[in-house]
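Accompanying notes for the structure given below.
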Amino acid sequence: MLNFTVGPVMSSEAIRAIGAEQVPYFRTAEFSAVMKENEHLMLKFAKAPADSRVVFITGSGTASMEATVMNVFTPEDKVLVVNGGSFGHRFVQLCEIHDIPHTEIKLDMGRKLTAQHLAPYEGQGFTGFLVNLDETSTGVLYDIQLISDFCRRNDIFLVVDSISSFLADPFDMAALGVDVMITGSQKALACPPGISIIVLAPQSVERVCANKVKSMYFNLEDALKNGERGQTPFTPAVGTLRQINARLKEIEAAGGVESENRRMAALAADFRSKIGDMPFDIVSESLSNAVTPLHPHNVSAYDIFLRLKDEYHIWVCPNGGDMADKVFRVGHLGALTTADNDTLISALRDMQSKGLL
Ligand SMILES: *Cc1c(COP(=O)(O)O)cnc(C)c1O
């Protein structure tokens with residue numbers, strides 16, 4: 001199997017070996033130490049400000065998006081949401097479900113956010129901002145410095161879904177003044193799905209503790225309290241948390257977050273250079289290192305996905321809805337190499353030689 005989707009992605013052999021082990025009991029000093037180390041390395045790689053905290057939620061990325069919206073915002077807030085695709089739309093839906101007053105900035109597919117988009121909202125009393133740093137559905141990496149400056153100027157609480165861009169693109173939570181950052185186990189962490197991670201700056205911890213959330217499982221104050229001793233309120237995905245631990249230590253040993261950024265940037269650049277003469281357009285104005293969104297000139301994008309899967313045993317990522325025939329995505333997340341890129345390119349060239357591209 002060769003998997004170029006955007007999650008779950010391919011895991012290294014060491015990570016897969018842990019998945020084959022028995023899952024240990026977790027109310028122990030040993031597991032607490034694993035969790036403390038996970039928290040420490042997550043804070044380091046996110047470049048979180050001093051006294052930040054990390055919550056590990058057993059649930060996919062959306063669980064942490066929802067927990068964050070519920071715990072940091074209230075009906076007293078006024079939140080701006082960047083909606084440039086299906087993940088931005090998910091934040092809009094979460095605000096609707098939880099009665100958070102919100103305004104959406106709707107962007108056409110593949111378009112980046114500009115100062116012109118933000119200008120009308122300057123000085124309008126907004127208190128919160130929700131954005132997916134890499135809108136994975138369209139492969140657009142937003143200008144986080146632009147957003148950070150806007151939020152600082154307007155004293156706005158900034159929540160960043162970095163689920164697909166964490167480890168793939170440079171990010172400095174402290175320097176950007178980001179209040180909450182979210183990621184998940186099945187993207188660049190390259191572990192099985194099941195865990196999502198919320199990094200809270202000190203002011204977010206305060207906000208969470210001041211709000212009284214109406215939820216048992218998504219009570220982040222409770223999670224933070226348990227986390228002080230390296231525990232979770234309920235049984236977590238223990239095996240996945242052990243795999244995350246091994247993966248975080250592997251990244252640390254290989255030179256840390258910068259070196260992982262560089263590795264993924266090189267992998268993405270290698271792929272993009274090799275498709276230069278193929279009948280595709282890259283349909284994002286601002287690319288993340290995580291994924292390359294491609295619009296084929298002559299055939300259905302969904303047919304390419306099916307043919308690669310069925311005839312070449314290579315997975316790329318199809319798009320849904322009205323983009324299904326127009327766009328497919330090639331991910332650069334997980335245990336992939338430039339030799340894997342070559343395998344995909346050969347398959348595409350083979351299709352091209354048969355008039356199927
Ligand atoms: C993958 C992803 C999510 C989370 O999706 P789940 O299926 O709930 O894990 C959220 N936001 C972005 C930007 C993503 O790439």
Side-chain angles (χ1 to χ4, degrees), residues 3-11 46 55-70 81-95 97-98 104-107 109-113 129-144 147 158-169 171 173 178 180-199 217-218 236-237 240-241 243-244 247 264 268 284 286-293 315-321 323 327-334:
N3 180 354
F4 290 90
T5 68
V6 292
V9 300
M10 300 217 293
S11 300
V55 170
F56 295 87
I57 296 281
T58 292
S60 79
T62 307
S64 281
M65 291 167 76
E66 181 155 31
T68 299
V69 168
M70 291 169 74
V81 189
V82 179
N83 178 2
S86 54
F87 293 108
H89 179 242
R90 196 166 298 179
F91 267 142
V92 172
Q93 288 177 296
L94 286 168
C95 288
I97 291 167
H98 296 290
E104 72 183 285
I105 303 177
K106 199 137 177 17
L107 301 174
M109 200 199 95
R111 305 316 290 264
K112 61 188 182 188
L113 183 79
F129 197 105
L130 286 167
V131 65
N132 321 91
L133 182 48
D134 169 28
E135 171 50 78
T136 323
S137 66
T138 61
V140 175
L141 182 74
Y142 295 122
D143 181 345
I144 188 65
I147 294 168
L158 174 56
V159 173
V160 177
D161 161 3
S162 295
I163 296 181
S164 64
S165 70
F166 177 66
L167 299 175
D169 303 300
F171 183 76
M173 187 169 172
V178 169
V180 180
M181 187 211 88
I182 306 167
T183 191
S185 56
Q186 83 275 29
K187 304 280 167 91
L189 273 172
C191 286
I195 292 287
S196 50
I197 302 169
I198 309 173
V199 182
Y217 201 76
F218 286 156
T240 307
L241 286 162
Q243 288 170 302
I244 287 173
R247 171 74 173 127
M264 295 186 63
S284 158
S286 164
L287 287 165
S288 160
N289 294 323
V291 61
T292 304
W315 277 255
V316 294
C317 211
N319 270 67
M323 288 202 293
V327 178
F328 71 98
R329 293 163 295 160
V330 175
H332 311 296
L333 304 168

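Both ligands and their constituent atoms are indexed starting at 1 by order of listing. Every value quoted in this text rests on a predicted model; they were computed, and no experiment measured them.
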Item to complete: Tell me, please, which residues at least two apart from F328 pass ring-ring contact (aromatic ring centres under 6.0 Å, His included).
Response: F280
Response to the item:
Note: A46 and F171 closest approach over all heavy atoms is O-CD2, 4.0 Å
Fill in: N/O donor-acceptor pair under 3.5 Å between S162 side chain and T183 backbone
no
Item to complete: Sequence neighbours left out, what passes salt bridge (Lys or Arg N to Asp or Glu O under 4.0 Å) with R90? Give chain and number order.
Response: none
Fill in: Option from V131, I144, L107, V140 for which side-chain contact (heavy atoms from CB on, under 4.5 Å) with L113 holds
L107
Practice prompt. For ligand 1, list the protein residues that place a heavy atom within a distance below 4.0 Å of one of its atoms, sorted by chain and number.
Written response: S60, G61, T62, M65, F87, R90, D134, T136, D161, I163, S164, Q186, K187
Worksheet item: Residues two or more places apart in sequence or in another chain: which of them pass side-chain contact (heavy atoms from CB on, under 4.5 Å) with S60?
Response: T62
